[in-house]
Amino acid sequence: MAARMVEVEAYIGEDDPACHAAPGPTRRNVVMYGPPGFSYVYFIYGMYHCFNIVTERKGFPAAVLVRAAEPIAGLEMMRANSPAGPDHRLLSGPGKLCRALGLTARHTGFDLTGDKLFVADDGFACGEIVITRRIGIRKGAERLFRFHLADSPAVSGRR
DNA sequence: CAGACGATGCACT
DNA sequence: GTGCATCGTCTGG
């Protein structure tokens, strides 16, 4: 399966109250303290998972939450993993994205420069990027750390 | 070891 | 806009 990320949020450091590293190192968030470029997938609300990419130097906990993407390849598998709906909604939310791609907490710690679960540059040149507050959080909600393509039909919360 | 809570999605008003 | 399912993780005792 392959998809183009179109919506992300940044969670940066122990000083960011919405960041999972805000309480300091714990069993769950340790990977955020490691080197950048690794996956961090956590379980939330008893039924969903969220996929993150660890960023910043080793020792400084930060990550980017991937909130939405446009399906590019492996659509049949994504549909099989998801309830019925239009293809452009398959990955239109952090929980839906993990469900369609089959990502769970077991996918934490993958080297995203490797060949199993990875990020690649296909040369795509995006248009306008919209910057807003982060979604679904209480603490740290005023920070403008959400970034999404202005013209993508796959951005979360759209029809 | 009990209890609170959450980086969501979906149904419903 | 509101309500809620459902459970791993963390906290405090």
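Lettering follows sequence order; numbering is per chain, from 1. It should be emphasised that the depicted structure is a prediction, and the values quoted were computed from it without experimental measurement.
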Counting only side-chain N and O atoms of A:Arg138, is one of them less than 4.0 Å from OP1 or OP2 of B:dC5? no

Side-chain heavy atoms of [X] within contact of [Y], under 4.5 Å:
| X | Y | result |
| --- | --- | --- |
| A:Asp16 | A:Arg134 | yes |
| A:Ser39 | A:Lys116 | no |
| A:His88 | A:Ser152 | no |
| A:His49 | A:His107 | no |
| A:His148 | A:Arg158 | yes |
| A:Ile129 | A:Leu149 | yes |

Short heteroatom pairs, N/O only, protein and nucleotides 11-13 of chain B, under 3.5 Å:
none

Apart from A:Leu90 itself, members of its ILVMFWY cluster (side-chain separation under 4.5 Å) are A:Met1, A:Met5, A:Val41, A:Phe51, A:Ile53, A:Val66, A:Leu75, A:Met77, A:Met78, A:Leu91, A:Leu97, A:Leu101, A:Leu103, A:Phe110, A:Leu112, A:Leu117, A:Val119

Hydrophobic clusters join Ile, Leu, Val, Met, Phe, Trp and Tyr when side-chain heavy atoms are under 4.5 Å apart, directly or via other members; which others share one with A:Phe60? A:Ile12, A:Phe145

Separation of [X] atom [atom1] from [N] atom [atom2], in whole Å?
| X | N | atom1 | atom2 | answer |
| --- | --- | --- | --- | --- |
| A:Asn29 | C:dG8 | CG | C1' | 14 Å |
| A:Tyr45 | B:dA7 | OH | C1' | 7 Å |
| A:Ile44 | B:dA4 | CD1 | C1' | 13 Å |
| A:Phe147 | B:dA7 | CZ | P | 18 Å |
| A:Arg67 | B:dG9 | CZ | C1' | 11 Å |
| A:Arg146 | B:dT8 | CZ | P | 11 Å |
| A:Arg133 | B:dA7 | CZ | C1' | 15 Å |
| A:Ile135 | B:dA7 | CD1 | P | 13 Å |

With heavy atoms under 4.0 Å as the rule, sort [X] into base, sugar-phosphate or nothing.
| X | answer |
| --- | --- |
| A:Arg134 | nothing |
| A:Leu65 | base |
| A:Phe43 | sugar-phosphate |

Heavy-atom closest contact ([X] atom, [Y] atom, distance):
| X | Y | value |
| --- | --- | --- |
| A:Cys50 | A:Pro94 | SG-CB, 3.9 Å |
| A:Glu56 | A:Pro36 | O-CD, 3.2 Å |
| A:Cys19 | A:Pro61 | SG-O, 4.4 Å |

How would you list, by chain and number, every residue that makes a ring pair (Phe, Tyr, Trp, His ring centres under 6.0 Å) with A:Tyr40, sequence neighbours excluded? A:His20, A:Tyr42

Heavy-atom contacts under 4.0 Å between residues 47-58 of chain A and DNA chain B, which residues? A:Tyr48, A:Cys50, A:Asn52

DNA chain B contacts made by residues 94-109 of chain A, counting heavy atoms under 4.0 Å: A:Pro94, A:Gly95, A:Lys96, A:Arg99

Taking only Watson-Crick and G-U wobble pairs with both distances under 3.5 Å, what dot-bracket line describes DNA chain C, where [ ] shows pairs that cross earlier ones and | shows pairs with another strand? |||||.||||||.

Just jot down the side-chain contact (heavy atoms from CB on, under 4.5 Å) partners of [X], sequence neighbours excluded, or say none.
| X | value |
| --- | --- |
| A:Ala105 | none |
| A:Pro83 | A:Arg99 |
| A:Arg4 | A:Val6, A:Ile72, A:Asp122, A:Phe124 |

Determine, answering yes or no, if A:Tyr11 is stacked on B:dA7 under the 5.5 Å centre rule and the 30° plane rule. yes

Partner set under salt bridge (charged side-chain N to carboxylate O under 4.0 Å, His left out) for A:Arg133, not counting sequence neighbours: none

Pairwise N/O distances under 3.5 Å, protein to nucleotides 11-13 of chain C:
none

Just to verify, which of A:Val8, A:Val130, A:Ile131, A:Thr132 counts as forming a side chain to side chain contact (heavy atoms under 4.5 Å, CB included) with A:Arg146? A:Thr132

